[in-house]
Amino acid sequence: MLVVLWINIVVFITISTSFGICFRDYVNHEDNLDIPAIAKYFTTKGRYEEVNPHLIKDILAVNTSILQLPSAQCQPFHLTAIIRHGTRYPTSKNVKKMQKLYELVMSSASGKESWLREIKSQWRMWYTEDMDGRLVQKGVEDHKHLAIRLSKLFPSLISEEKLRGGFIKFMTSSKHRCVNSTLSFKAGLTELWAITDKEFDHEVNDALMRFFDHCPRFVQEIDQNPTALSEVDKFRHGPEMRRVTEKIADSLRVPYNTINDDMAEAGFYLCAYELAIKTVNSPWCQLFDEVDAQVMEYANDLKQFWKRGYGYDINSKSSCILFHDVFNRLKRAADENKSGQQVTEAVTVQVGHAETLLPLLTLLGFFKNNGSITSTNYATQTQRSFRTSHMLPYAANLLLVLYDCGAGELRLQALLNEKPVTFPGLSDQQASMPRYEDVKDNYSELLQGCDFETECQLFKSPA
Ligand SMILES: *[C@@H]1O[C@H](CO)[C@@H](O)[C@H](O)[C@H]1NC(C)=O
Ligand SMILES: *[C@@H]1O[C@H](CO)[C@@H](O)[C@H](O)[C@H]1NC(C)=O
Ligand SMILES: *[C@@H]1O[C@H](CO)[C@@H](O)[C@H](O)[C@H]1NC(C)=O
Ligand SMILES: *[C@@H]1O[C@H](CO)[C@@H](O)[C@H](O)[C@H]1NC(C)=O
Ligand SMILES: *[C@@H]1O[C@H](CO)[C@@H](O)[C@H](O)[C@H]1NC(C)=O
C-alpha cells in the first residue's frame, strides 16, 4: 500500500516536472531545485554556487587535489583571504526601482502566461527600503560554509589550535553586512570545533577594506564624476539594451516607452535576488532569455570595468594600500618561516566588498582584457575574461597562500573562489604555484611604488 502511494507521488512529481519544462526554461539539478538558465549572468548579484556548481549538491565539498602542489614537500605556512560579504538584501535605491516595475506590472501588464498570472496573483512585493543592503540568512551561511571548507582545504593553517593560539586574525570593513559576515565566518569555525569558552576579536579597518572612500582622487575623478561612466550610459541607451526593453514591453503588453533600462535592471535584480535570498526560480526570470541576460550582464560588467577595473588607472591604484598590506604580511610570514620562528599571523581573514576585491584583482593584473570594453564592442567581447559573474559573486574570495617547498624554496599560490588562478605574466609550467621570488619580481614596480598617498592626491586642475 505504502509502496503504491510512494510510486504515485514519484509519478506525480515526474509528470509535473516534465510538464514544467514546457514553459519554464530551467536546469535541473540532482536536488530537483530548478535554477533559472540566466543565473550565470547575475554579475555581482550572483550566488557563489553558480561559480562552483558542485556546491549545490554538497555545500561543504572540498577537493584538495585542485591545489596541484608541485611536490609533496610543499607545506603551507601562511594564508591571506580577502573575502566579499555574503548574500545581502538589495540597497534602498534598487528596492525603489523594483517597486516601480512591480507597480507597472500590477497596473498595466496583461497576458495569459502563467508566470505573469503568478506575479499578479501570488507574488508579493516583500522588499522594503529599510532592508538597505543588510546581510540575509543565506549570507550568514555563505561565510560559515566557506570557513568550514577552507579549514578542510588548509587543515594545518585553519585549525582549532591556530585559532585558540591567536594565530588567525580577522579584519573587516565597518559595514554591517561585512561585520556580520566576519562574525559568521568565525561562528563557522567555533561551531565546527565546538568552542564555547573563548571569543575571538576582529579589527574594523576601513582604511584597508574601504580604501575607495579614502582616496580623494578616486572619489573626485570617478565616484562623483558623472562623465566617468559615459560608456555605461551609452550602452544603457544603445541598440542592444533597447532590444531587451522592447522584448520586456512586448511580453508585458505595455507601451515601449514605459520600460527603460532601469526597469529592465529591476526585473533582472528581482530574478537574481529571489534566487540568491530565497533559492527560488521566480516568475520574474521569465522576462529574460539568455540573450537578454547577456546584455544585462554586459551593462554591469561595463560599469565595473570603468568604475573599479581597468577603465581608469586610479581605480586599481586606490587599492595600493591594501596591496602593500598584503605583501608586507607575506614578507613577515616568509621571514619568520625562513628564520625558523613560529609564523605569528598564520591566517588573515579580511572581509570587504566587491569594490574592495575588484581594484586589487585589477592591480594584480588578473582578468585583463584584450582592450577596453566599451559601449560599442558588445559583439566582439562575448569571450571577454573580465566577467564579474565569474569573479565577484557573493562571498567571492581571493586566497594567497605561501608554501615552503623544502630547501628554502617558497611558493605563492593564488586562488579565486577556491580555484587556482595564474599570476599574469608568469611562465606556464609554474603558473599555478610560482616561486614567491618570481611573483615579487613580477610586481617589483608596484612593490617599490604604488604609494597610496601619492596616487590618491588630487592634482591641481589645469589653469
Ligand atoms: C578533484 O579535482 C581533480 C583535479 O581538478 C579532478 O581531476 C577530480 O576529478 C576531482 N575529484 C572530484 C571528486 O571532484
Ligand atoms: C547583523 O548584526 C546586527 C548587529 O549585531 C544584528 O542586529 C543583526 O541581526 C545581524 N544580522 C544577521 C543576519 O545576522
Ligand atoms: C616553514 O614552514 C613549514 C610549514 O609549516 C615548515 O615545515 C618549515 O619547517 C618552516 N621552516 C622553518 C625554517 O622553520
Ligand atoms: C585583440 O584585439 C585585436 C583588435 O580588436 C585583435 O586584432 C586581436 O586579434 C586580439 N588579440 C587577441 C589575443 O585576442
Ligand atoms: C608580470 O610580468 C609580465 C611579463 O614580464 C608583464 O607582462 C606583466 O605586466 C607583469 N604584471 C605586473 C602586474 O606587473
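Sequential numbering from 1 along the given sequence is applied to the chain's residues. Quick note: numbers below take in every heavy atom, side chains included, and nothing from hydrogens, waters or symmetry partners.
Listed for the N52 side chain is no donor-acceptor partner under 3.5 Å among the backbone atoms of L55. Side-chain atoms of D261 do not come within 3.5 Å of backbone N or O of H237 as any donor-acceptor pair.
Within 6.0 Å of NZ on K169 lie no more than 12 heavy atoms contributed by other residues, nucleotides or ligands. Counted within 6.0 Å of NZ on K331, heavy atoms from surrounding residues, nucleotides or ligands total 12 or fewer; the atom is thus considered open. Heavy atoms of other residues, nucleotides or ligands lying less than 6.0 angstrom from NZ of K93 number 12 at most.
Ring-plane geometry between W284 and W123 is classed as perpendicular, the angle between the planes exceeding 60 degrees on a 0 to 90 degree scale with a lower cut at 30. Ring orientation note: the planes of Y443 and F423 are nearly perpendicular, at an angle over 60° on the 30°/60° scale. Using cut-offs of 30° and 60° for the angle between ring planes, the Y127 and Y273 rings count as tilted.
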Test salt bridge (charged side-chain N to carboxylate O under 4.0 Å, His left out) on K100 and E103 and set out the steps.
CA-CA 5 Å; K100 248 184 102 186; E103 281 155 23; over 6 Å; no
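Ring pair Y48/Y394: centre-to-centre distance not below 6.0 Å. Residues F218 and F211 keep their aromatic ring centres 6.0 Å or farther apart. Taking the six-membered ring wherever Trp is involved, the centroid distance between the rings of F170 and F200 does not fall below 6.0 Å.
Across E409, Q413, H78, a single residue satisfies side chain to side chain donor-acceptor pair (under 3.5 Å) together with Y403, and that is Q413. For the pairing with V351, the side chain to side chain contact (heavy atoms under 4.5 Å, CB included) check across H143, R84, K175 returns one residue only, H143. When the options H202, M171, E203 are evaluated for a side chain to side chain contact (heavy atoms under 4.5 Å, CB included) with Q350, the one that passes is M171.
Evaluation of the side chain to side chain contact (heavy atoms under 4.5 Å, CB included) rule for D262 yields K97, R236, N260, E265 as partners, not counting sequence neighbours. Residues passing the disulfide bond (SG atoms under 2.5 Å apart) test with C271 are C285, sequence neighbours excluded.
Side-chain contact check for V347 versus K162: every heavy-atom pair is 4.5 Å or farther apart.
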List the atom pairs, donor and acceptor, that lie under 3.5 Å between side-chain atoms in residues 60-69 and the rest of the protein, sequence neighbours left out.
{"unit_1": "N63", "atom_1": "OD1", "unit_2": "S65", "atom_2": "N", "d": "3.1"}
{"unit_1": "N63", "atom_1": "OD1", "unit_2": "S65", "atom_2": "OG", "d": "2.6"}

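Because its NZ or CZ atom is both nearer than 6.0 Å to the ring centre of F212 and within 45° of the ring axis, R308 counts as a cation-pi partner of that residue.
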